[in-house]
Amino acid sequence: MKTDITPDPSSTRHETRGLSRREMLSGVGLAAVGLATAGGLAKAATLPANAAELKTLADPEALEDFIFDIEHSPEGWHGAGGSATEATVAEFPISQSIAGVSMRLNPGAFRELHWHSIAAEWAYVLEGRVRTTVISPDGTAATDDFEVGDIWYFPKGHGHMLQCLGNQPCHFLLGFDSGHFSEFGTFSVTDWVSHTRPDIVARNLHLPMESLRSLPRKELYIGTGAVAGDALPRYHNAQVEQSQNPHKFSLLRAQVREFSGGNIRVATQKQFPINTTLTSALMTVKPGSFRELHWHPNADEWQYVVSGSGEVTIFGSHGRVKTMGYDQGKVAFIKQGYGHYIENTGAEDLKILILFNAPDYQEIALSAWLGANPVRLVADHFGLDAKWVEKMSAGQEGFVGPASDRAVTL
Ligand code: MN
Ligand code: MN
């Protein structure tokens, strides 16, 4: 992983240093200078909107690290059936609202029946195929098969199971709507039953005591068994009513918004109704392009890099700007309301999977904001001749294409 290139919290200078004349005259230069200026102006602001703004002006805390290597997390489980590595607040302290797990299952393996007492579960399939079962408190159940690009959502407390489908291993990214959730503290069926008095288990399940001799003595977590084939298996209880509230959605097939420098697909609760606490997005930033300066008024943003490499730059008020690099398998966390942009610094597409901890999507982009203000006022903020404001982008840019596309000539 690349290291933080702006460890000095007072370094808005980093943003303006080295800008070419062309950049100074382009939207990029204006944005950088504008933010530096806005950082200065923010010191006079009196309306605290987040914890950062409540800090004393004399000693604002440095921005925290906001990138973590989830694939090589110190907290993990590795066994014959697969593996799981996680990013909770213990490993990745900034990520208070979302925890993540990268899980791999081998053919025939299953993540055992379990539930989560404090978090809903979301997932995106990166490789292979997965079958899930889930039961709701109303007694309805669902079995769904997932392939690459599909997401699932299980509300908090609903009992579920994940199984590798077919002869190829699978890999999926799990997201939970609490950073304090740990995958290694779930309520697992074997853990429960193996720690319950055997005569109680026998009577509850209508089994003779001698049938329980081979019960596991502890949590199975990821078990192994027969390879799951395409044919849907029958339930133990054939009368179980099927859920009519889908737990599955194809993010890869969601409507795409295209811009010159990239594209984004978003799935809110509107598209995926059972998903009441999160919004999902799949974003591609093309080489030489960047996701424009913006912020999200209603949500934290949690990212996982599917492929490619880039840099995230965050603005946290008090002149604090911090840039960190990331690439495949890293997660990033951007606090609600913090300004940010994301550059593709590599030669291939930068593909990012995103979770927001709100059921609706909100964004305010710098270009759209400035476009919604009087020309003279914008000119006076930045010390610009009004003729340059007339040339500025006036609407949402989304993704800004390579520099050659955007050059401003005198
Ligand atoms: Mn789970
Ligand atoms: Mn964002």
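Quantities reported herein were computed from a predicted structural model and do not represent experimental measurements. As the structure lists them, so they are numbered: ligands from 1, and atoms in each ligand from 1.
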Pair Lys335 + Glu301: basic N to acidic O under 4.0 Å: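 No.
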Is it true that Arg131 and Asp145 have a side-chain N and a carboxylate O under 4.0 angstrom from each other?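 Judged by the 4.0 Å cut-off on N to carboxylate O distance, Arg131 and Asp145 do form a salt bridge.
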His114/His116 aromatic ring centres below 6.0 Å: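 Ring centres of His116 and His114 closer than 6.0 Å.
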When you measure from the side chain of Ser73 to the backbone of Glu86, do you find a donor-acceptor pair of N or O atoms at a distance under 3.5 Å? yes
I'd like to know if the side chain of Glu112 and the backbone of Leu220 have a donor-acceptor N/O pair within less than 3.5 Å.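 Here the side-chain-to-backbone pair exists.
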Looking only at N, O or S atoms, which one in [X] sits nearest to the Mn ion (ligand 1)?
| X | answer |
| --- | --- |
| His116 | NE2 |
| His160 | NE2 |
| Glu121 | OE1 |

For the Mn ion (ligand 2), what is the closest N, O or S atom on His294? NE2
Distance check below 2.8 Å: does Glu183 bring an N, O or S atom to the Mn ion (ligand 1)?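 Here the distance criterion (N, O or S atom, under 2.8 Å) is not met by Glu183, so no.
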Output yes if Glu301 passes the N/O/S-under-2.8 Å test against the Mn ion (ligand 2); output no otherwise.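 It does: Glu301 brings an N, O or S atom closer than 2.8 Å to the Mn ion (ligand 2).
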Under the 6.0 Å and 45° cation-pi test, does Arg291 pair with Tyr341?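 No cation-pi geometry.
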If you stand at the Mn ion (ligand 2) and look out to NE2 of His340 and NE2 of His296, what angle do those two lines make, to 10°? 100°
